[in-house]
Amino acid sequence: MALVPIAEALERLLDGAAPLAGESVPLFEAVDRVLAEPVVALRTQPPFNASAMDGYAARAADVASVPSRLSVIGMAPAGRGFAGRIGKAQAVRIFTGAPLPEGADTIVIQENVRDLGGGEIEVTEPTAQWRNIRRIGLDFSTGDMLLERGRLLDPAALSLAASANHPRVNVVKRPLVAIIATGDELLPPGSDLGPDQIISSNAYGVAAAAHSVGARALDLGIAADRKEAIAELVQKAVAAGADVIVTLGGASVGDHDLIHDVLTGEGMTLGFWKIAMRPGKPLMFGRLGDIRCIGLPGNPVASLVCSQLFLKPLLARLGGRNHRQDIRPARLGTAMPANDLRQDYVRAVVREDDGALVATPFGIQDSSMLRMLADANGLIVRAPFAPAAAAGEACSVLMLR
């Protein structure tokens with residue numbers, strides 16, 4: 001099977017992917033979720049002309065020139081308006097958020113008032129009509145479109161939905177990713193390792209990649225290198241309602257690389273297998289009914305790079321999110337050799353120098369070396385058959401953080 005170019009592989013993987021169905025959730029559970037339906041105002045805000053300051057409600061005609069003396073005839077705290085009407089040379093003590101009393105058309109702030117005692121005040125600064133008043137409907141009115149479908153619910157959006165009297169919102173379901181590690185040599189962190197065993201680490205990075213685009217991750221553990229053991233976990237993923245099944249390892253061509261056989265045996269239609277990239281050549285993709293299956297390489301770096309390039313865009317699409325790779329122009333910090341037929345993603349340290357980014361690759365790029373990936377903040381993208389490049393030449397960098 002010929003190696004599939006990256007752009008074509010991504011196109012096949014995303015083909016037909018659309019946001020999942022919506023679900024209604026309370027506002028306190030809706031943070032960082034994506035709206036499946038628009039939010040329309042169920043009320044008018046403010047619902048009445050309201051004081052924007054602590055002070056005195058009065059008639060503008062009585063305080064246009066100063067000093068002016070007014071009689072205080074009542075009080076209007078927030079949540080309890082004054083029931084009467086303000087007449088000539090009268091005022092009502094009012095607090096922020098309280099309804100404007102009938103007859104008043106301005107608020108004199110308390111700093112511009114002198115208390116004369118005996119229910120009398122003197123206004124020391126002139127105040128214009130409608131000053132310090134929030135007019136009815138200033139923010140929005142009943143029926144206004146407030147938040148469009150597809151909006152990410154950040155703090156401001158959630159507060160707006162609440163102020164419009166929505167206790168719940170309809171949001172896109174979070175995609176569920178079932179993660180299956182494979183290999184007799186693998187044990188979970190904290191284990192006492194035998195002489196031929198290693199720690200299973202990939203699942204944690206893959207789960208973190210899923211969470212970063214709003215998806216949920218279900219760790220189904222480690223399957224032994226037996227078809228029946230792998231099939232059992234695949235069936236658990238299906239039963240759990242997974243939208244995506246991610247397998248780790250077992251997707252190459254060795255005698256113990258069983259993922260392809262198991263998934264096709266369960267009914268998967270293969271989309272592609274092996275792509276023209278480094279690291280990550282053994283990447284596999286297929287469809288098991290409505291479930292998308294991604295077979296990630298077992299090498300840790302390859303697994304995480306493929307998660308960045310393929311898994312995250314897919315999960316973002318299913319979750320109704322916009323996701324773009326952060327690719328920036330830079331200069332090479334050191335010379336690089338010519339490339340072969342595969343597109344390279346080279347771990348590098350990217351720094352700013354005189355207003356431009358400079359990307360310096362690590363000297364060793366073995367796909368088992370996680371520490372180097374953790375130290376890298378970017379991947380230099382080298383196109384297939386790119387010629388040798390000298391230090392200082394232009395390059396593209398996929399930023400990781």
Side-chain angles (χ1 to χ4, degrees), residues 17-48 50-52 54 77-81 95-99 134-179 203-220 236-237 239-246 290-292 307 311-324 326 401:
L20 300 175
E23 61 180 350
S24 177
V25 300
L27 286 186
F28 271 119
E29 297 176 15
V31 62
D32 204 35
R33 300 291 295 272
V34 175
L35 280 175
E37 294 179 358
V39 171
V40 175
L42 300 179
R43 61 185 293 272
T44 295
Q45 175 64 21
F48 44 75
S51 177
D54 291 345
R80 191 171 72 252
F95 296 88
T96 303
R134 297 184 180 122
R135 303 293 294 271
I136 183 172
L138 174 66
D139 199 357
F140 52 81
S141 297
T142 301
D144 283 354
M145 173 68 71
L146 301 182
L147 299 168
E148 299 283 353
R149 180 179 181 272
R151 170 66 186 264
L152 187 68
L153 290 169
D154 56 19
L158 284 168
S159 292
L160 178 58
S163 69
N165 207 25
H166 287 271
R168 306 174 68 89
V169 285
N170 197 280
V171 295
V172 178
K173 288 183 179 179
R174 296 173 61 199
L176 177 62
V177 184
I179 303 173
Y204 302 94
V206 172
H211 288 306
S212 73
V213 290
R216 297 171 293 150
L218 172 64
D219 180 14
L220 290 178
K236 284 185 178 181
D243 302 292
V244 178
I245 297 174
V246 171
D290 292 332
I291 303 173
R292 287 166 167 81
S307 293
L311 180 61
K312 288 174 67 173
L314 173 61
L315 295 177
R317 180 77 64 86
L318 294 175
R321 296 169 182 259
N322 294 318
H323 177 76
R324 289 187 176 89
D326 184 8
R401 60 177 187 275

Handout entry: Set of residues satisfying side-chain contact (heavy atoms from CB on, under 4.5 Å) with respect to A98, sequence neighbours excluded
Key = A76, I94

Practice task
Just jot down the side-chain contact (heavy atoms from CB on, under 4.5 Å) partners of A17, sequence neighbours excluded, or say none.
Solution key: R292, L314, R317, L318

Practice task
Would you please name every residue forming a salt bridge (Lys or Arg N to Asp or Glu O under 4.0 Å) with R321, sequence neighbours left out?
Solution key: D32

Practice task
Give a yes or no on whether R324 atom CZ has more than 12 heavy-atom contacts from other residues, nucleotides or ligands under 6.0 Å away.
Solution key: no

Exercise for the section: With sequence neighbours excluded, tell me which residues meet side chain to side chain donor-acceptor pair (under 3.5 Å) with R135. Expected result: none

Practice task
Under the side chain to side chain donor-acceptor pair (under 3.5 Å) rule, collect the residues that match up with N322, sequence neighbours excluded.
Solution key: none

Exercise for the section: Using side-chain contact (heavy atoms from CB on, under 4.5 Å) as the criterion, list what pairs up with T142, not counting sequence neighbours. Expected result: T44

Handout entry: R174 (side chain) donor-acceptor with A215 (main chain) under 3.5 angstrom
Key = yes

Practice task
Return each pair, listed once, that meets salt bridge (Lys or Arg N to Asp or Glu O under 4.0 Å) where at least one residue sits in residues 144-164; pairs must be two or more places apart or across chains.
Solution key: R151-D154

Handout entry: Residues in salt bridge (Lys or Arg N to Asp or Glu O under 4.0 Å) contact with D290, at least two apart in sequence or another chain
Key = none

Practice task
Determine whether more than 12 heavy atoms belonging to other residues, nucleotides or ligands lie under 6.0 Å from atom CZ of R80.
Solution key: no

Practice task
With sequence neighbours excluded, give me every side-chain hydrogen bond (donor to acceptor under 3.5 Å, both in side chains) pair touching residues 157-172.
Solution key: S24-R168

Practice task
Please identify each residue that fulfils side-chain contact (heavy atoms from CB on, under 4.5 Å) with A237, with sequence neighbours left out.
Solution key: A178, L220, A242, I245

Practice task
Any pair with a residue in residues 203-213 that passes salt bridge (Lys or Arg N to Asp or Glu O under 4.0 Å), sequence neighbours left out, goes on the list, sorted by first then second residue, please.
Solution key: none

Problem - Partners passing side chain to side chain donor-acceptor pair (under 3.5 Å) against E23 (at least two apart in sequence or in another chain) - result: R33

Exercise for the section: Starting from the C-alpha separation in whole Å, work towards a yes-or-no answer on side chain to side chain contact (heavy atoms under 4.5 Å, CB included) for L152 and V34. Expected result: CA-CA 5 Å; L152 187 68; V34 175; 3.9 Å; yes

